[in-house]
Amino acid sequence: MPPRPPRPPRSERPQRLNPAKELAAAAAAYQAAEIVPHCTVCSKPCCSLQTLVLELDWKQLKSFWRLEESRPAFDKRLAGGQGPEEIRAGNGLYYVHGKACPAYDQSCGTCRVYGQDIKPEGCTDFPVYEDGGTLVADLRCEAVDLKALSAWIARALGDGYRIVQSADPEFPFMVTLSVKAMGTKRKRGK
Ligand code: SF4
Ligand code: SF4
């Protein structure tokens with residue numbers, strides 16, 4: 001086997017695009033620039049939990065509802081119909097729907113645990129997040145603008161990629177934006 005040529009220094013090698021990483025960064029940047037500023041004037045805040053379901057683990061539930069009792073005691077109370085009616089237990093988690101999240105400050109439309117570890121991941125992801133190398137946008141957020149979001153991703157990825165949009169057939173408000181590399185067509189010689 002012939003000897004391999006020496007590899008150029010890392011800084012001189014062509015950068016390969018990591019779509020998942022790039023998309024996650026683009027989603028976070030889009031949320032910070034276009035979504036978060038709208039939250040305080042939103043007409044249908046997601047934190048009111050009228051259309052969305054909040055998923056919490058025990059630590060989050062205990063903190064948000066300021067529960068003093070043990071988990072078994074709370075579960076027993078919930079199962080007996082004596083717990084908060086907006087909470088359902090299942091799969092080791094708790095699901096909240098129909099009443100505003102206790103961490104939601106309705107007077108100013110902000111989250112009291114914003115930027116804290118206790119904030120549920122699903123809240124941070126909503127309404128635009130990376131999933132398996134694609135970007136998912138949830139149109140239940142009135143601030144999502146698919147055209148602007150596509151332009152945002154195109155700018156983040158640079159030339160050579162196109163964005164393909166498709167809605168979930170069962171949940172049409174969930175739109176997936178996939179990134180496809182554009183093929184280079186060869187010119188035919190005469
Ligand atoms: S629905 Fe969208 S704009 Fe409204 S509060 Fe939630 S994230 Fe903010
Ligand atoms: S934790 Fe914060 S972002 Fe999540 S639903 Fe509650 S108030 Fe909204």
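Counting convention: from 1, in listed order, for ligands and their atoms alike.
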Closer than 2.8 Å to atom 6 (Fe) of ligand 2 - protein N, O or S atoms, ordered by chain and residue number: Cys101 SG
Can you list the atoms of ligand 1 that are under 4.0 Å from a heavy atom of Lys44? 1 (S)
Check for me, please, whether Val53 and Leu93 land in the same ILVMFWY cluster - side-chain distances under 4.5 Å, paths through other members count. yes
Say whether Leu149 and Ile163 are linked into one hydrophobic cluster, either directly or through other cluster members, by side-chain heavy-atom distances under 4.5 angstrom. yes
Closest approach of any protein heavy atom to atom 2 (Fe) of ligand 1, naming residue and atom: Cys141 SG, 2.3 Å
Ring centres under 6.0 angstrom apart (Phe74, Trp58): yes
Is it the case that one hydrophobic cluster holds both Val179 and Leu146, taking links as side-chain heavy atoms less than 4.5 Å apart, direct or via other members? yes
Side-chain atoms of residues 102-111: list all donor-acceptor pairs with protein atoms under 3.5 Å, sequence neighbours left out, distances to 0.1 Å.
unit_1 : atom_1 : unit_2 : atom_2 : d
Asp105 : OD1    : Ser107 : N      : 3.1
Asp105 : OD1    : Ser107 : OG     : 2.5

Starting from atom 6 (Fe) of ligand 1, what is the nearest protein heavy atom, named by residue and atom, and what distance separates them? Cys46 SG, 2.3 Å
Residue His38 vicinity, atoms of ligand 1 by number, heavy atom under 4.0 Å: 3 (S)
Using a strict 4.0 Å cut-off to heavy atoms of Ile35, name the atoms of ligand 1 that fall inside it. 7 (S)
Note the single closest protein heavy atom to atom 8 (Fe) of ligand 1, along with its residue, its atom name and the distance in Å. Cys39 SG, 2.4 Å
Give me the residue, atom name and distance of the protein heavy atom closest to atom 4 (Fe) of ligand 1. Cys42 SG, 2.3 Å
Side-chain heavy atoms under 4.5 angstrom apart, residues restricted to Ile, Leu, Val, Met, Phe, Trp, Tyr: same cluster for Leu177 and Leu157? yes
In one Ile/Leu/Val/Met/Phe/Trp/Tyr side-chain cluster, 4.5 Å: Ile153, Ile35: yes
I'd like to know if Asp145 and Lys147 make a salt bridge, using a cut-off of under 4.0 Å between side-chain N and carboxylate O. no
Criterion salt bridge (charged side-chain N to carboxylate O under 4.0 Å, His left out) on Lys59 and Asp57, from CA distance to verdict: CA-CA 6 Å; Lys59 192 179 165 193; Asp57 60 23; over 6 Å; no
